[in-house]
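Below: one structure, written as structure tokens.
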2 protein chains.
Amino acid sequence: MYEGAVQDLIDELGRLPGVGPKSAQRIAFHLLAADPADVRRLVNALVEVKDKVRFCTVCGNVAEAEQCRICLDPRRDPAVICVVEESKDVVAVEKTREFRGRYHVLGGAISPIEGVGPDDLRIRELMTRLADGTVTELILATDPNLEGEATATYLARLCKPMGLKVTRLASGLPVGGDLEYADEVTLGRAFEGRRLLDV
Amino acid sequence: MYEGAVQDLIDELGRLPGVGPKSAQRIAFHLLAADPADVRRLVNALVEVKDKVRFCTVCGNVAEAEQCRICLDPRRDPAVICVVEESKDVVAVEKTREFRGRYHVLGGAISPIEGVGPDDLRIRELMTRLADGTVTELILATDPNLEGEATATYLARLCKPMGLKVTRLASGLPVGGDLEYADEVTLGRAFEGRRLLDV
């Protein structure tokens with residue numbers, strides 16, 4: 001529809017997740033009119049990310065070295081591992097400043113529909129980490145959906161016989177949310193998990 | 001929040017129009033996991049677009065040469081110019097296959113709020129094109145919103161004294177739309193512009 005280079009860019013942008021044809025067009029025209037220096041910065045960021053970023057050989061998190069910053073940090077408690085699906089979940093947990101242990105990034109969740117089985121996740125690497133007995137607690141922080149729950153159940157069955165304390169993040173009402181807008185499953189979970197108030 | 005290169009990419013992506021922080025993160029992780037060849041194609045498309053694409057010296061449309069394909073096409077009627085705000089509007093009109101004249105891309109619309117005045121648009125270039133008397137009709141196809149209407153009115157006042165036929169695209173109900181979902185302004189326009197049915 002457009003002349004060569006513009007259409008090529010629209011096509012490439014349209015392949016990105018969540019970018020439809022209209023957004024791709026809008027971004028392409030924005031870049032066309034943008035300062036060449038801005039576009040160069042984006043290009044450099046793309047090249048750098050593919051050049052520099054690897055995955056931590058220990059936990060599977062994104063890293064710019066053999067190991068990620070968290071695995072390299074001696075102040076992080078090696079006795080507790082928080083298991084998450086993706087690197088972005090690490091960032092989400094880090095933002096809470098609640099957790100001072102280490103992570104293990106699975107690279108997804110078990111999903112028979114999408115053909116993802118335990119062997120497609122970094123479960124073998126997790127078992128290797130648990131082998132020497134340093135780890136005493138495993139916090140399963142996979143997503144609170146079907147796939148995440150299935151993965152947590154699978155891991156719990158695998159790890160409990162090893163004498164580990166295996167925990168799962170609490171489900172319930174989002175803080176600051178409104179009870180009437182909570183979906184029934186979440187509200188049900190909130191009832192199940194209700195706790196005594198110490199007053 | 002992330003290590004250097006990943007955060008840099010998220011920042012750069014987040015500067016694109018319509019890409020919020022969550023989308024930027026999602027796209028960055030998609031690219032991290034993507035085939036390096038795919039990322040290279042995107043990088044090339046970005047570089048090419050800034051290297052190759054210019055703006056047609058005649059009409060202001062995107063072009064890969066001194067002039068755009070439409071201005072260079074001898075089959076396009078030089079007597080009719082369709083004035084649009086942006087290059088993407090040219091594509092939209094071209095898709096209709098209704099128009100066989102030439103275009104003039106203004107590069108925006110008059111908007112006092114955003115500080116865009118007539119001098120910021122390619123209006124002087126339009127006047128130059130109209131000077132030799134080849135053009136007999138000017139179709140004002142700016143957007144049917146406040147800024148587009150203001151721009152159309154401004155151009156009509158400027159060009160009518162030159163003896164040109166100046167027209168504006170019809171406003172009305174979208175074809176295939178549902179009357180009850182039309183907003184009141186559009187419905188009002190549809191009444192104003194009602195036409196006799198020849199049956």
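Below, chains carry the letters A, B, ... as their sequence lines are ordered, and counting in each starts from 1. When reading the values below, keep in mind they use all heavy atoms of this one structure, side chains included, and skip hydrogens, waters and symmetry mates.
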* **Single-linkage hydrophobic cluster A:Val80~A:Val84, side-chain heavy atoms < 4.5 angstrom** => yes

* Asked: Given that the side chain runs from C-beta out, which part of A:Val90 has a heavy atom under 4.5 Å from chain B: side chain, backbone, both or neither?
  -> neither

* **Considering all heavy atoms, the nearest A:Ala5-B:Lys52 contact** => CB-CB, 4.4 Å

* To do: Find out whether B:Leu9 and A:Val53 are in side-chain contact, i.e. whether some heavy atom of one side chain is under 4.5 Å from a heavy atom of the other.
  => no

* **Part of A:Arg15 within contact of chain B (heavy atom distance under 4.5 Å)** => both

* Using salt bridge (charged side-chain N to carboxylate O under 4.0 Å, His left out) as the criterion, list what pairs up with B:Arg129, not counting sequence neighbours. => none

* To do: State, to 0.1 Å, how close A:Ile27 and B:Pro17 come at their nearest heavy-atom pair, and which atoms those are.
  => CG1-O, 3.7 Å

* **Path from B:Met162 to B:Val83 over hydrophobic side-chain contacts below 4.5 Å** => yes

* Asked: What part of A:Ala33 is in contact with chain B, defined as an atom under 4.5 angstrom from a non-hydrogen atom: side chain, backbone, both or neither?
  -> backbone

* **Residues in side-chain contact (heavy atoms from CB on, under 4.5 Å) contact with B:Lys160, at least two apart in sequence or another chain** => B:Val166

* B:Leu42 side chain reached by A:Leu16 side chain, heavy atoms, under 4.5 Å -> yes

* Structure fact -> Of A:Asp51, A:Asp38, A:Leu31, the largest count of non-hydrogen pairs under 4.5 angstrom with chain B goes to A:Leu31

* **For chain B, the option from A:Arg41, A:Arg26, A:Arg54 that forms the most heavy-atom pairs under 4.5 Å** => A:Arg41

* To do: Say whether B:Val62 and A:Ile10 are linked into one hydrophobic cluster, either directly or through other cluster members, by side-chain heavy-atom distances under 4.5 angstrom.
  => yes

* To do: Looking only at non-hydrogen atoms, find the nearest pair between B:Glu12 and A:Ala45 and report the distance.
  => CG-CB, 3.9 Å

* Asked: What part of A:Asp11 is in contact with chain B, defined as an atom under 4.5 angstrom from a non-hydrogen atom: side chain, backbone, both or neither?
  -> neither

* Under 4.5 Å from a heavy atom of chain B, the part of A:Val49 involved -> both

* Asked: Would you say A:Val58 and B:Leu32 are hydrophobically clustered, going by side-chain heavy atoms of ILVMFWY under 4.5 Å?
  -> no

* Asked: Just wondering, are more than 12 heavy atoms of other shown residues or ligands nearer than 6.0 Å to CG in B:Leu72?
  -> yes

* Asked: Side-chain contact, heavy-atom cut-off 4.5 Å: A:Phe29 with B:Lys88?
  -> yes

* To do: Indicate the atoms forming the closest heavy-atom contact of B:Leu46 with A:Val43, along with that distance.
  => CB-CG2, 3.7 Å

* Asked: Should we count CD of B:Glu114 as having more than 12 external heavy atoms under 6.0 Å?
  -> no

* To do: Following the transitive rule for hydrophobic clusters with a side-chain heavy-atom cut-off under 4.5 Å over Ile, Leu, Val, Met, Phe, Trp and Tyr, establish whether B:Leu106 and B:Val135 coincide in one cluster.
  => yes

